[in-house]
Q: 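Pasting a structure below so you can have a look.
Any value given below was found using the heavy atoms of this structure, including those in side chains, with hydrogens, waters and symmetry copies removed.
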Amino acid sequence: MKKVFSGCLVLLTMSACSPTDSVNPEQQLLQEVSENFVEKYYSELNTRTQTMAGYDFNCSEGLTSIDRTELQTQWRNAMVAWQGAKITRFGPLTEQRLDWEFQFWPDKKNLAASKIKPLLKDSTTKESLQKASVVTHGLSAMEYLLFDTTHIKEDRRVNHCQLIKTVSENIADNAAKLEKQWLLFKPEFTGNGQAPDTWNADEYIGSVIDSVLVTLEEIANRKINAPAGLEQGKINPYFLESWRSQHSLENIQANLQAIQNLLLDSGLKPYLADKGLESLMAPGITALEKALEVSNNLNKPLFDSLDSQTEQLKELSQQINLVKADIRDKWVPALKLPIGFNDNDGD
């Protein structure tokens, strides 16, 4: 017995006898958030943007209709991946302001058009693009270039085509950078190797929940209420996200699906169960499932059907607000989490 006990001590020293001793529930949760959500969506964003940037097309006579159609598909794929990745409003995405590099929205002043048009006068390199406005750097710029043909003049077709190449490469570079920077940030996020007296698990868990709340607020207020006129009574389809590509509803659905993945498949459910709080999840998850159901039954594109789907959009917004209220008013107090969210952030 003595030898067995001393052997176990040795194994414990090597972290092999009881691996759970070195990982507390908070670390386990954050590791699962990182591996099952953040890394998954960042990898998907990187893969899809690399595919878009790697698409081979000739610009000698401008962009052909075949290449435009293929790039539009690639853009839609990248945008869906971004809608999941953008939920992570913490770490390098926001600290290094990469979120603005990927998407400039809302754009109520139509800066995408006014900032991109001057770039079409000459050939744009990666270096010159970096000196231009951030509005011209990401997926919003690509949407304008690929889906809005009103700005393409015959003598600038080659420059327009080359700018598409340059912007797509810039997006791919930032996606690769984001994925790499997250892996560098991960030990801080998960507490792996951090001194116990300096690592605050609640701060990082709070940042995850905070991101969900901010995203839900954005979906309800900016993506639904504002364009559908649910707050001020005036419908304006140009307030929709991705209105040029008519991809607005798909963005909302991708947001909601990603939030569901984060809440159900990234460690939060067993974490709450471990604390005897699993029943807290039921109302919010039910409302989230209802929101997904309502969104899946809406007609596409929203740009052409806002006025005919007012009641359905109102129900969608209400269900999203129920999810937000449940998390804010029940989950956050029960877990005693510090959050920075307030209900005016989305206005």
Q: So do Arg68 and Ile164 actually touch side chain to side chain, heavy atoms under 4.5 Å?
A: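 Side-chain contact under 4.5 Å: no.
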Q: Take atom NZ in Lys330; do more than 12 heavy atoms of anything else shown fall under 6.0 Å from it?
A: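 No - once you tally the heavy atoms of other residues, nucleotides and ligands closer than 6.0 Å, there are 12 at most.
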Q: Rounded to the nearest 0.5 Å, what's the gap from OG1 on Thr149 to CD1 on Ile152? Could you check?
A: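 Here the rounded value is 5.5 Å.
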Q: Does Gln181 have any side-chain contact (heavy atoms from CB on, under 4.5 Å) partners at least two apart in sequence or in another chain, and if so, which?
A: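 Here the qualifying residues are Pro92, Gln96, Lys177, Leu184.
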Q: Using side-chain heavy atoms (C-beta onward) and a distance below 4.5 Å, is Glu143 in contact with Leu139?
A: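 No. Closest side-chain heavy atoms not under 4.5 Å.
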Q: Check for a donor-acceptor pair, side chain of Gln162 on one end and backbone N or O of Cys59 on the other, with a separation under 3.5 Å.
A: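 Side chain of Gln162 to backbone of Cys59: no pair is present.
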Q: Using modelled atom types only, decide if a donor and an acceptor are shared between the side chain of Ser317 and the backbone of Lys314 within a distance under 3.5 Å.
A: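 Flag not set: sc Ser317 to bb Lys314 has no pair under 3.5 Å.
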Q: Does the distance from a Lys or Arg side-chain N to an Asp or Glu carboxylate O, for Lys223 and Glu241, drop under 4.0 Å?
A: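 Glu241 and Lys223: salt-bridged.
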Q: Tell me whether Ile259 shares a hydrophobic cluster with Leu322, the cluster being built from Ile, Leu, Val, Met, Phe, Trp, Tyr side chains joined at under 4.5 Å.
A: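 Looking at the clustering, Leu322 is in a separate group from Ile259.
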Q: Strictly distance-based, threshold 3.5 Å: is any side-chain N or O of Trp82 a donor or acceptor partner for the main-chain N or O of Leu45?
A: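 Side chain of Trp82 to backbone of Leu45, a donor-acceptor pair under 3.5 Å: no, none is there.
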Q: So, the side chain of Glu231 versus the backbone of Asn221: is there a donor-acceptor pair under 3.5 Å, distance only?
A: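 Pair absent, no side-chain N/O of Glu231 close to backbone of Asn221.
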Q: Are Leu63 and Phe147 co-members of a hydrophobic cluster defined by side-chain heavy atoms under 4.5 Å apart?
A: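 In one cluster: yes.
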Q: Look only at the side chain of Glu169 and the backbone of Ala53, and say whether a donor-acceptor pair between them is shorter than 3.5 Å.
A: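 Looks like no, no N/O pair under 3.5 Å.
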Q: Can you list everything that forms a side-chain contact (heavy atoms from CB on, under 4.5 Å) with Gln74? Sequence neighbours excluded, please.
A: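 Expected list: Thr51, Met52, Glu70, Asn77.
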Q: Would you check if Phe189 and Val208 make a side-chain contact, meaning some heavy-atom pair closer than 4.5 Å?
A: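 Yes, close enough: below the 4.5 Å cut-off.
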Q: Stepwise, does the side chain to side chain contact (heavy atoms under 4.5 Å, CB included) test hold for Val38 with Lys186?
A: CA-CA 10 Å; Val38 181; Lys186 182 179 177 181; over 6 Å; no
Q: Hey, does the side chain of Asn46 reach the backbone of Tyr42 with a donor-acceptor pair shorter than 3.5 angstrom?
A: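 Such a contact is absent between Asn46 side chain and Tyr42 backbone.
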Q: Atom CZ in Phe102, atom NE2 in His137: separation rounded to 0.5 Å?
A: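 One gets 12.5 Å once the value is rounded to the nearest 0.5 Å.
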Q: For a side chain to side chain contact (heavy atoms under 4.5 Å, CB included) check, start with the C-alpha distance between Ile116 and Val167, then their side-chain angles and the critical distance, and finish with the verdict.
A: CA-CA 11 Å; Ile116 289 174; Val167 174; over 6 Å; no
Q: Using the test side chain to side chain donor-acceptor pair (under 3.5 Å), find all partners of Gln31 that sit at least two apart in sequence or belong to another chain.
A: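 Gln31 satisfies side chain to side chain donor-acceptor pair (under 3.5 Å) with no other residue.
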Q: Output the rest of the hydrophobic cluster of Val135: all Ile, Leu, Val, Met, Phe, Trp and Tyr residues reachable through side-chain heavy-atom contacts under 4.5 Å, sorted by chain and number.
A: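 Hydrophobic cluster check, Val135: joined to Trp100, Phe104, Leu111, Val134.
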Q: Show which residues join Ile66 in its hydrophobic cluster (side-chain heavy-atom contacts under 4.5 Å, direct or indirect), or state none.
A: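 Members besides Ile66: none; it forms no cluster.
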Q: Does a donor on one side chain and an acceptor on the other come within less than 3.5 Å for Thr136 and Ser133?
A: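 No, because no side-chain N or O of Thr136 sits under 3.5 Å from a partner of the opposite role on Ser133.
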Q: Is there a path of hydrophobic side-chain contacts, each under 4.5 Å between heavy atoms of I, L, V, M, F, W or Y residues, that connects Leu292 with Val80?
A: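 No, because Leu292 and Val80 fall into different hydrophobic clusters, even though each may have its own neighbours under 4.5 Å.
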Q: Can you classify the ring geometry of Phe303 versus Tyr238 as parallel (below 30°), tilted (30 to 60°) or perpendicular (above 60°)?
A: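 Aromatic pair Phe303/Tyr238 classed perpendicular.
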Q: Looking at CD1 of Ile205 and CH2 of Trp331, how far apart are the two atoms once the value is rounded to the nearest 0.5 Å?
A: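 Spacing of CD1 (Ile205) from CH2 (Trp331) equals 13.0 Å.
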Q: Is it the case that the side chain of Gln27 and the backbone of Gly191 share a donor-acceptor pair, with hydrogens and angles ignored and the cut-off at 3.5 Å?
A: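 Side chain of Gln27 to backbone of Gly191, a donor-acceptor pair under 3.5 Å: yes, one is there.
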Q: Between Val323 and Gln319, does a side chain to side chain contact (heavy atoms under 4.5 Å, CB included) hold up when you go through it step by step?
A: CA-CA 6 Å; Val323 182; Gln319 293 298 328; 5.8 Å; no
Q: Please list every donor-acceptor pair under 3.5 Å in which a side-chain atom of residues 262-277 meets a protein atom from a residue at least two apart or in another chain.
A:
{"residue": "Ser266", "atom": "OG", "partner": "Asn261", "partner atom": "O", "Å": "3.3"}
{"residue": "Tyr271", "atom": "OH", "partner": "Glu26", "partner atom": "OE2", "Å": "2.8"}
{"residue": "Lys275", "atom": "NZ", "partner": "Glu26", "partner atom": "OE2", "Å": "3.4"}

Q: Evaluate Gln103 against Lys86 for side chain to side chain contact (heavy atoms under 4.5 Å, CB included), listing each step before the verdict.
A: CA-CA 9 Å; Gln103 183 185 25; Lys86 72 180 293 188; 3.2 Å; yes
Q: Just by distance, no angles: are the side chains of Gln257 and Gln260 close enough, under 3.5 Å, to form a donor-acceptor pair?
A: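 Distance-only check passes for Gln257 and Gln260.
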Q: Tell me whether the rings of Trp75 and His247 are parallel (<30°), tilted (30 to 60°) or perpendicular (>60°).
A: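 Trp75 vs His247 ring planes: perpendicular.
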Q: Would you check if Thr88 and Ser211 make a side-chain contact, meaning some heavy-atom pair closer than 4.5 Å?
A: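 No, too far: nothing below the 4.5 Å cut-off.
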Q: Linking I/L/V/M/F/W/Y whenever any side-chain heavy atoms sit under 4.5 Å apart, do Phe239 and Tyr144 land together?
A: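 Cluster IDs for Phe239 and Tyr144 differ.
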Q: Asn251 and Ser242: side-chain donor and acceptor closer than 3.5 Å?
A: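 Side-chain D/A pair, Asn251 to Ser242: present.
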Q: If I compare all heavy atoms of Thr150 with all of Asp148, which pair ends up nearest, and what's the gap?
A: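 Closest approach of Thr150 to Asp148, heavy atoms only: OG1-OD1, 2.5 Å.
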Q: Okay, side chain of Asn255, backbone of Gln83: is any donor-acceptor separation there less than 3.5 Å?
A: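 Yes; at least one donor-acceptor contact below 3.5 Å.
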Q: Please determine, by modelled atom types, if Ser34 and Trp182 share a side-chain donor-acceptor pair under 3.5 angstrom.
A: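 On atom types as modelled, these side chains qualify, holding a pair under 3.5 Å.
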Q: Within this structure, what is the CZ-CG distance for the pair Arg244 and Asp107, rounded to the nearest 0.5 Å?
A: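 Answer rounded to 0.5 Å: 7.0 Å.
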Q: Using the side-chain contact (heavy atoms from CB on, under 4.5 Å) rule, pick out the option among Leu230, Ile219, Leu256 that qualifies with Leu316.
A: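 The single option meeting the side-chain contact (heavy atoms from CB on, under 4.5 Å) with Leu316 is Leu256.
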Q: Verify, without hydrogens or angle tests, whether Ser207 (side chain) and Tyr204 (backbone) share a donor-acceptor contact under 3.5 angstrom.
A: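 Yes, the answer is positive, given that a donor and an acceptor are paired below the 3.5 Å cut-off.
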Q: Can you measure from CD1 (Ile171) to CD (Gln50) and round to the nearest 0.5 angstrom?
A: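 Nearest 0.5 Å value for the CD1-CD distance: 11.0 Å.
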Q: What do the steps show when you test Ser128 against Thr125 for side-chain hydrogen bond (donor to acceptor under 3.5 Å, both in side chains), and what is the final call?
A: CA-CA 5 Å; Ser128 59; Thr125 64; 3.2 Å; yes
Q: Using 0.5 Å steps for rounding, measure from the CG atom of Leu71 to the CG atom of Leu145.
A: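 CG of Leu145 is found 10.5 Å from CG of Leu71.
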Q: Tell me whether Leu29 is reachable from Ile209 by hopping between hydrophobic residues (I, L, V, M, F, W, Y) whose side-chain heavy atoms are closer than 4.5 Å.
A: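 Yes; Leu29 is reachable from Ile209 via cluster members.
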Q: When you measure from the side chain of His160 to the backbone N and O of Lys153, does any donor-acceptor pair fall under 3.5 Å?
A: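 Answer holds: no.
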Q: Side chains of Arg89 and Thr215: do they bring a donor and an acceptor to under 3.5 Å?
A: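 Yes, side-chain donor-acceptor contact under 3.5 Å.
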